[in-house]
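For reference, the structure discussed in these notes is given below.
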Amino acid sequence: MSENNFTHRFPQYLSRPIQVLWFETDELILCVFTLTLALLYGKIMWLVFLITQYFYTRTKRSQSRGFLRHVLYMFGFIQMKNYPDYFQREFHE
């Protein structure tokens with residue numbers, strides 16, 4: 001008998017971001033990181049955890065897609081392939 005190769009559901013929208021509960025991946029990473037710090041360091045970090053989650057989620061919803069990646073690129077934490085440096089104002093293709 002032939003085996004059915006269509007065992008996984010295909011997403012309805014290809015551009016739909018991956019979500020765990022109500023968090024997208026970048027929110028989940030920030031949540032887990034600040035939650036870990038809160039569990040390790042106590043009361044002050046719990047406040048930092050709540051404030052960070054609130055303001056990041058609020059800012060993200062008011063910005064366009066790819067907000068976190070572009071902020072990390074702007075601060076120099078990541079490099080984007082085939083892009084000029086962030087502070088380079090003049091370049092020739």
Side-chain angles (χ1 to χ4, degrees):
M1 292 191 171
S2 68
E3 193 174 313
N4 185 0
N5 291 329
F6 302 105
T7 58
H8 298 287
R9 289 187 60 198
F10 198 76
Q12 184 176 6
Y13 303 106
L14 292 177
S15 63
R16 188 169 152 194
I18 298 171
Q19 286 188 311
V20 176
L21 297 176
W22 56 87
F23 294 116
E24 291 181 11
T25 51
D26 56 339
E27 290 174 300
L28 186 64
I29 290 168
L30 185 65
C31 179
V32 168
F33 179 72
T34 55
L35 182 63
T36 303
L37 291 177
L39 290 171
L40 289 174
Y41 296 112
K43 296 177 184 178
I44 299 293
M45 290 308 291
W46 280 105
L47 185 62
V48 170
F49 166 72
L50 294 173
I51 291 171
T52 303
Q53 280 304 121
Y54 174 75
F55 283 111
Y56 180 73
T57 303
R58 187 173 173 198
T59 304
K60 181 181 170 151
R61 292 198 176 130
S62 67
Q63 301 294 328
S64 59
R65 262 179 90 186
F67 166 71
L68 177 65
R69 186 171 184 157
H70 285 91
V71 168
L72 292 175
Y73 173 69
M74 180 179 71
F75 288 127
F77 291 118
I78 64 170
Q79 293 292 325
M80 290 182 151
K81 190 176 181 180
N82 299 327
Y83 278 77
D85 292 333
Y86 180 77
F87 294 105
Q88 189 172 349
R89 295 289 177 217
E90 186 175 314
F91 56 92
H92 303 282
E93 293 185 39

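The structure displayed is predicted, hence computed values, not measured ones.
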### Task
Enter the distance from W46:CH2 to I51:CD1 here, rounded to the nearest 0.5 Å.
14.0 Å

Side-chain donor-acceptor pairs under 3.5 Å in residues 29-42, sequence neighbours left out?
unit_1 : atom_1 : unit_2 : atom_2 : d
T34    : OG1    : L30    : O      : 2.9
T34    : OG1    : C31    : O      : 3.3
T36    : OG1    : V32    : O      : 2.7

### Query
Linking I/L/V/M/F/W/Y whenever their side-chain heavy atoms sit closer than 4.5 Å, directly or via other members, would L47 and Y54 fall into one cluster?
yes

## Note on the structure
Q53 and E27 have their tightest heavy-atom pair at OE1-O, 3.9 Å

### Message
Donor-acceptor pair, distance only, cut-off 3.5 Å: does the side chain of S62 make one with the backbone of T59?
### Response
yes

